[in-house]
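Residue numbers begin at 1 in each chain, while the letters A, B, ... track the order of the sequences. Values below: every heavy atom of this structure, side chains too, minus hydrogens, waters and symmetry copies.
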There are 2 protein chains.
Amino acid sequence: MTAITVLLVDDHLVVRSGLKALLGTQPDFDVVAEAASGEEALGLVEQLSPAVVVMDLAMGAGMDGIEAIRQLRQRNSRQAILVFTTYDSDADIVRAVDAGAMGYLLKDAVPDEIFTAIRGAVQGKSVMSAPVASRLFQQLRNPDEVLTPREAELLSLLTEGLSNRELGQRLFISEATVKTHLAHIYAKLGVETRAAAIATAIRREGMR
Amino acid sequence: MTAITVLLVDDHLVVRSGLKALLGTQPDFDVVAEAASGEEALGLVEQLSPAVVVMDLAMGAGMDGIEAIRQLRQRNSRQAILVFTTYDSDADIVRAVDAGAMGYLLKDAVPDEIFTAIRGAVQGKSVMSAPVASRLFQQLRNPDEVLTPREAELLSLLTEGLSNRELGQRLFISEATVKTHLAHIYAKLGVETRAAAIATAIRREGMR
DNA sequence: AGCAGCATCAGCCAAAAGGCGGAGAGACCA
DNA sequence: TGGTCTCTCCGCCTTTTGGCTGATGCTGCT
């Protein structure tokens, strides 16, 4: 059985280095390259076409992980893509899975989880950390609490600190419509004020 | 010259592993132990008294990095403590330095920076990443923008999404006083609404 | 003693936000 | 075709927030 070729994508050298060290303990893994950005990752995938891409979502500069995943999928490359990130924010999980990630691991995962996830990914299995899975299931159980695209857009701008008027101008809708959307957002987030909505959004939805 | 003994403290195994691998390339470093939490770190320091403690601030469960630093200092241990973390939030920097950290590195630092910082730390030199240093200097240059303790307390509660009335009740002051404090906070943060203040606070001041 | 900074409070007023009910247009699906 | 979602908009009313000015007591520094 030939080794599983792996590309590591993370903007932190320490993390790449650690991951490489961990994977190096397993005979069936072969880390063929590392990338520090989305752009770099795209190039290396084309060049080396590794079996698995292990990717962080938050990339310091340039293209972020989600966008990189999306572009990889568009070039219908056959790599299995594994997300390996620090936070389990709802928004990130959904967007990553949506973009075409095969699995979603958290950085506090134990080595065995990582190994299992990578081996599973090449076989087309979807593996994710327990907290991630439970978040996904919760969304499936309570579809009422899932924001519509427009609402998500509003919420995102809301976290910039914009007023209703500014939101309207930015989105080319009336202030009345903004208020309607906000009311729906508050209901779904379970809050009563914009302040609480912003706090919830930034903390829970990972809008930083 | 005898090797510099190092204790690594980070709740992520991958990071510890990476740091260990990096430090292992230098003949004068000796990673004598790793800890995944503040509590663990305290015990290992007592037991091994390493020359340098490299510590992350965000620890998943239990005691966080700041508290660990504070307790190490109280036991007047003579270790040099280096903060090694992902974010350069104003609040974290100030609190870490205040607690007794010798240096402050960001996780995207290149290996050389890390090596230099550790070697400097044992000699009593204070080394920090460029972005961190510039933030500290900015605070020194503009003391007008530094929040008073009471204001910081308000801002912290503000990020929970409380209303003025609730803030007053929580702090046993009148709503009028709350408004006064808020006006000062807005001025210092350079914002005009509570929404923007919350967004700024959570993102910039690291109130997560 | 005097001054500056901090925390506390007040009143007034304009602007913003939030709650309520209602409603039309388009998309999509059974 | 009918039902459901989503996005859009309205008016009316109450509450909340923010801007402004001014004031008091305390602390610490000079």
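With C:dG18, D:dC7, C:dT8 as the candidates, the nucleotide lying closest to the side chain of B:R150 is C:dT8.
Atom CG of B:L147 is separated from atom P of C:dG5 by 16 Å (rounded to the nearest Å). Rounded to whole Å, the distance from OH on A:Y186 to C1' on C:dC20 is 16 Å. Rounded to a whole Å, the CD1 atom of B:I198 is 16 Å from the P atom of D:dT16. If you take CG of B:L167 and C1' of C:dC9, they are 16 Å apart, rounded to a whole angstrom. Atom CD in A:E192 sits about 11 Å away from atom P in D:dT16, given to the nearest Å. Whole-Å rounding puts the A:H181 NE2 to C:dG19 P distance at 16 Å. Across the protein-nucleic acid pair, A:H184 atom NE2 and C:dC20 atom P stand 12 Å apart, rounded to whole Å. Straight-line distance from the CG atom of B:L162 to the P atom of D:dT16: 14 Å, rounded to whole Å.
In this model, the phosphate group of C:dA16 is not approached by any side-chain N or O of A:N164 to a distance below 4.0 Å at OP1 or OP2. In terms of phosphate contacts, A:R194 brings a side-chain nitrogen or oxygen within less than 4.0 Å of OP1 or OP2 of C:dA17. Phosphate contact (OP1/OP2 of D:dC10, side-chain N/O of A:S174, threshold under 4.0 Å): present. Phosphate contact (OP1/OP2 of D:dC7, side-chain N/O of A:T148, threshold under 4.0 Å): present. Residue A:T177 places at least one side-chain N or O under 4.0 Å from the OP1 or OP2 atom of D:dC9.
Residue-to-nucleotide proximity on DNA chain C shows that, of A:V191 and A:R165, the 5′-proximal contact is made by A:R165. Each of B:V178 and A:L182 lies near DNA chain C, and the nucleotide nearest B:V178 is the one positioned closer to the 5' end. Mapping A:K179 and B:A183 onto DNA chain D by nearest heavy atom places A:K179 at the nucleotide closer to the 5' end.
Side-chain contact, A:T177 with A:T180: no donor N or O sits under 3.5 Å from an acceptor N or O. Counting only N and O atoms by type, the side chains of B:T85 and B:D56 include a donor and acceptor under 3.5 Å apart.
At distances below 3.5 Å, at least one donor-acceptor pair connects side-chain atoms of A:R73 with backbone N or O atoms of A:G100. Here the side chain of B:Q74 pairs no donor or acceptor atom with the backbone of B:R70 at under 3.5 angstrom.
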Query raised in the report: Passes salt bridge (charged side-chain N to carboxylate O under 4.0 Å, His left out), B:D10 versus B:K107? Steps please.
Result: CA-CA 12 Å; B:D10 196 308; B:K107 282 195 180 162; 3.1 Å; yes
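Judged by atom type and distance alone, A:T180 does not reach the base of D:dC7 through any side-chain donor-acceptor pair under 3.5 Å.
Across all strands shown, B:E175 has no heavy atoms under 4.0 Å from either base or sugar-phosphate atoms.
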